[in-house]
Amino acid sequence: MFTAHNMPSFSQFRRSWWGVPLWLALLLMPLSGALSVKLQLPDGPVYLLFLPVTLTVALLMVFDWAALPGITLALLWRYLTIFSPSQALLSCALFIVGISTCWLGYRIWAGRQWGTTPGTQGTDRMRLFWIGFLLPTLLVFLLQTLVTLKAIPAELSIFNRNPLTLRTLINYQAILLSCVAILPLYYMAIRCFRHARYFSRQVNLLRQQIAESVTHTEIRVWLLWLTLLVALLMILHSEVKNQVAGDFALLLLLPTMLWAAARFGYLLSTLAWSLVLILLYQFRTQPELSLHLALNTTNLLVWSLILYFIGINGVRQRRLIKKSREAALVDPVVDLPNLRALKAILEQQASSTLCFLRIPDLDRLSRTWGLDLRVEYKRRLAAHLQPLLQPKENIYHLPGFALAMRLNKATHEERIDQISIRIGRYSLRWQGLPLQPAIGISYCHVVPPINDLPRLLGQLSEMAEVSLHSHQPEHLQQENINALRQTKEKLTQLEEVQQALDNERFVMMAQRIEGLRGDDYHELLLRLVNSQGKQLAPERFLPVVQEFGLTWEMDRWVLNHALSFIDSSRTRLPAMRFAVNIHAASLFRPHFVSELELLLKQHQVEPWQLILEISEAAENMNFSAGYRTVHRLRRLGCRIAIDHFGTGYASYLQLKTLQADMLKIDGSFIQNMLHSPLDYQIIESICRVARLKRMQIVAECVESEAVAAALRGLGIDYLQGFAISEPQPLSLLAES
């Protein structure tokens, strides 16, 4: 026996899995029945809208199977007011069987997306099939079967004994139209009731679906026109004599709603169409012809489908266009905003501070380790700097070996210093090795409009180059005397180099390298005679040669003159061998080997007379174009020497696969070997590894006899330095 004490409270009822859908079904079923439009035709009643079916589907889409008890009770209550208890039970059972069958099929197909908002990509077509088509078809078939089999009196039903009548068609269309056109309105109303935040999310979604070119004036004009048109149709359809005119005026609804679907998106047009149909049918009077009513209902059903797909496809197309625009602003490899995005944001902001990061060593490192290193270095550096950025600030990928940062105008020098300090602490561990290339930093303040951003970035790049030498951030808009002087000196040096190439103002110096087995050879050293007649050491002009891409012109000049000297001096200096320094960039020329072979044949010089010295960093890349070039040079007969060994990032690691004939130990180890046990051990270890590779060893910067004696004791093959021989002009070598 239940008492007031043990009966469940309302809060417990509301929190139960079936509580909310139960009382919602009981509350909304009578309302849906009242809004369903029913007309009396000569052969019986028909529905123009049958909203109880729409309500049941909406409840299932929100509450899933938990809505079934409430739906069952609400339907049973509705049928008890029409049929006898047995007939009501039978009708309710068939109704539930039809709904459950279609919902089960849809649930199995949709999986976890069963409750997504109507119009969601991936579920819309199958939802139309299971709920918009199959459900009405199955319900009409089951209910019509009851009437045909006389299980329900025909006079109490909306169906005839004969199913092939216009009444059956109109009722079928009414359920189809309700499930297709009115379902979104019911679904969103119930979802908003269940979750208060769902309404705000739908409002935001509605705003997102509206085309960017739509203005508030356009929306107001459309709403005003739709209101006037619906009011006119309601007046015309309220009287039988005006129905023909009303049906012609009804055609104006199609372009009006197409306007909304194409411009305002699926959500707004669907909700507006649902309300328009409910309002229009509420004032629909008895038509003169059943066929006329069936044709109008068919038109509205087709229009609903057209509006549905146009609205959805319009929104999807705008989303794809938006994604394409966003993708165009992001580099797909580095996954950072690109130059186009930087230009756009600079135009949008009232003022900005533009910071330029130049990383020239990435060129050499990417040749050594591959393009993946460059990509990963930029990604991780951007992530490393991200904590210093404020809202709306970002890091942008630039072509080549640079990054840009857009900072707010409120940025002061303190923030630039913080960025510089954090950059100084950054290193990338790649294949177990810490890589920390130098980074130049420059910055300036900009305000829109920016007429020539590439030129501005070029100026910032120039200032970042200065920063590499000053080891501090450089401000483009300050009067930086040092930067101007360095830029002027660089241009002057470039002009000197070009004139030296054109006017034969380079001087070749030769330094003897002593072989412990008597096989001496000479290294050719280049000097530039400037316009004042002074000789410039290579470190004064080679950086300019490398920066402005004159390396091959320089190497070709040296090779041509060296081979020409051997050819002209073969009588006095037979079997003369020369070592020539080759820039790393020349190794990547596709025709470098064939061009060298042509020079050798032209001067009738044997390849073994030429030793090509290559910086260690140039050959740190396995299976690269440079590695293949070295292999072809050795097959040609030239000897390869690795210069400045020990100063690169991966000396011992690369010796595992590096193929060369000679190895030159960098002079920084040689000069202090007698006073530094560590340098001595490094030299000793290099010798052991070189012997395992069957490479001859050359020691640079031998400046005393004591150092030379120590190196001979270690088994060094060749000695080079002032203690052995000083450089002399190549012309004097032929006279000696």
Side-chain angles (χ1 to χ4, degrees), residues 500-501 504-515 517-528 538 542 545 550-615 618-619 625-643 659-664 695-696 698 717-718 720 724-725 727-736:
L501 286 171
E504 297 287 334
R505 290 219 312 260
F506 283 109
V507 175
M508 300 282 284
M509 307 292 288
Q511 185 179 25
R512 184 174 65 87
I513 299 178
E514 179 184 290
R517 289 177 295 275
D519 53 340
D520 297 355
Y521 68 93
H522 291 76
E523 179 179 0
L524 296 182
L525 306 174
L526 197 62
R527 300 290 186 267
L528 185 150
L542 284 184
V545 170
L550 297 176
T551 53
W552 170 238
E553 286 77 4
M554 183 72 66
D555 291 344
R556 182 173 55 187
W557 191 94
V558 173
L559 288 169
N560 187 56
H561 282 71
L563 297 177
S564 177
F565 180 84
I566 295 175
D567 185 19
S568 62
S569 307
R570 66 177 67 252
T571 302
R572 285 170 294 177
L573 300 172
M576 172 64 67
R577 293 190 300 159
F578 283 119
V580 178
N581 287 278
I582 298 297
H583 289 91
S586 297
L587 297 177
F588 296 93
R589 289 179 57 83
H591 305 293
F592 173 71
V593 178
S594 58
E595 289 169 334
L596 176 59
E597 188 175 6
L598 182 63
L599 286 174
L600 289 170
K601 291 181 180 179
Q602 179 181 345
H603 297 287
Q604 298 181 357
V605 176
E606 296 296 329
W608 59 264
Q609 293 181 266
L610 192 61
I611 301 172
L612 301 177
E613 292 189 2
I614 303 169
S615 175
E619 287 306 305
Y627 185 88
R628 292 192 297 270
T629 300
V630 169
H631 180 67
R632 292 178 61 193
L633 289 172
R634 296 184 74 226
R635 290 183 59 186
L636 180 63
C638 298
R639 305 194 73 192
I640 303 297
I642 305 303
D643 200 9
Q659 299 298 326
D661 304 288
M662 307 173 72
L663 186 150
K664 297 186 70 172
M695 299 172 67
Q696 292 181 319
V698 184
D717 299 287
Y718 296 94
Q720 178 184 8
I724 306 301
S725 173
Q728 60 177 330
L730 185 61
S731 58
L732 296 180
L733 185 63
E735 299 173 2
S736 59

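Once rounded to the nearest 0.5 Å, the distance linking CG of Asp717 with CD1 of Ile513 reads 12.0 Å. We find the SG-CG distance between Cys638 and Leu610 to be 5.0 Å, quoted to the nearest 0.5 Å. Atom CG in Leu587 sits 10.0 Å away from atom CH2 in Trp552 (nearest 0.5 Å). Distance check, rounded to the nearest 0.5 Å: CG of Leu526 to CG of Asn581 gives 9.5 Å. Distance CG/Leu596 to OG1/Thr629: 11.0 Å, rounded to 0.5 Å. Note: Ser564 OG to Leu730 CG = 9.5 Å, rounded to the nearest 0.5 Å.
A ring pair (Phe, Tyr, Trp, His ring centres under 6.0 Å) check over residues 562-581, counting only residues at least two apart or in different chains, returns the pairs Phe565-Phe578. The salt bridge (Lys or Arg N to Asp or Glu O under 4.0 Å) analysis of residues 570-586, with sequence neighbours excluded, yields the pairs Asp567-Arg570. Counting only residues at least two apart or in different chains, side chain to side chain donor-acceptor pair (under 3.5 Å) contacts with residues 588-601 comprise Arg589-Glu595.
Counting heavy atoms from C-beta on, the side chains of Ile640 and Ile611 never come closer than 4.5 Å. A heavy-atom distance below 4.5 Å is found between the side chains of Leu559 and Val580. Side-chain contact check for Phe506 versus Val558: every heavy-atom pair is 4.5 Å or farther apart. Met509 places none of its side-chain heavy atoms less than 4.5 Å from the side chain of Glu523. In this structure, the side chains of Leu636 and Leu600 come closer than 4.5 Å at one or more pairs of heavy atoms. In this structure, Ile642 and Met662 have side chains that are not in contact, with every pair of non-hydrogen atoms separated by 4.5 Å or more. With contacts defined as side-chain heavy-atom distances shorter than 4.5 Å, the pair Ile614/Asp643 does not qualify. Residues Val698 and Leu663 have side chains not in contact (no heavy-atom distance under 4.5 Å, counting atoms from C-beta outward).
In terms of the side chain to side chain contact (heavy atoms under 4.5 Å, CB included) criterion, Leu598 has no residue partners (sequence neighbours excluded). Take Glu514 and apply the side chain to side chain contact (heavy atoms under 4.5 Å, CB included) test, not counting sequence neighbours, and it matches Arg512, Leu516, Asp520, Arg712, Leu719, Ile724. Residues meeting the side chain to side chain contact (heavy atoms under 4.5 Å, CB included) test with Gln609, sequence neighbours left out: Ile566, Val605, Glu606.
There is no side-chain donor-acceptor pair under 3.5 Å between Gln602 and Asn560. Counting only N and O atoms by type, the side chains of His522 and Gln728 include no donor and acceptor under 3.5 Å apart.
For the pair Thr551 (side chain) and His583 (backbone), a donor-acceptor distance under 3.5 Å is absent.
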- Message: Applying side chain to side chain contact (heavy atoms under 4.5 Å, CB included) to Trp557 and His561, what does each step give before you reach the verdict?
- Response: CA-CA 6 Å; Trp557 191 94; His561 282 71; 3.2 Å; yes
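Contact record, Leu573 with Leu733: CD1-O, 3.9 Å, taken as the closest heavy-atom pair. Across all their heavy atoms, Arg632 and Pro590 have their closest contact at NH1-O, 4.2 Å. Nearest heavy atom pair, residue Gly515 against residue Asp519, reads CA-OD1, 3.5 Å.
No more than 12 heavy-atom neighbours from other residues, nucleotides or ligands sit within 6.0 angstrom of CZ on Arg635.
Exactly one of Arg634, Gln696, Glu613 qualifies for a side-chain contact (heavy atoms from CB on, under 4.5 Å) with Arg639. That residue is Gln696.
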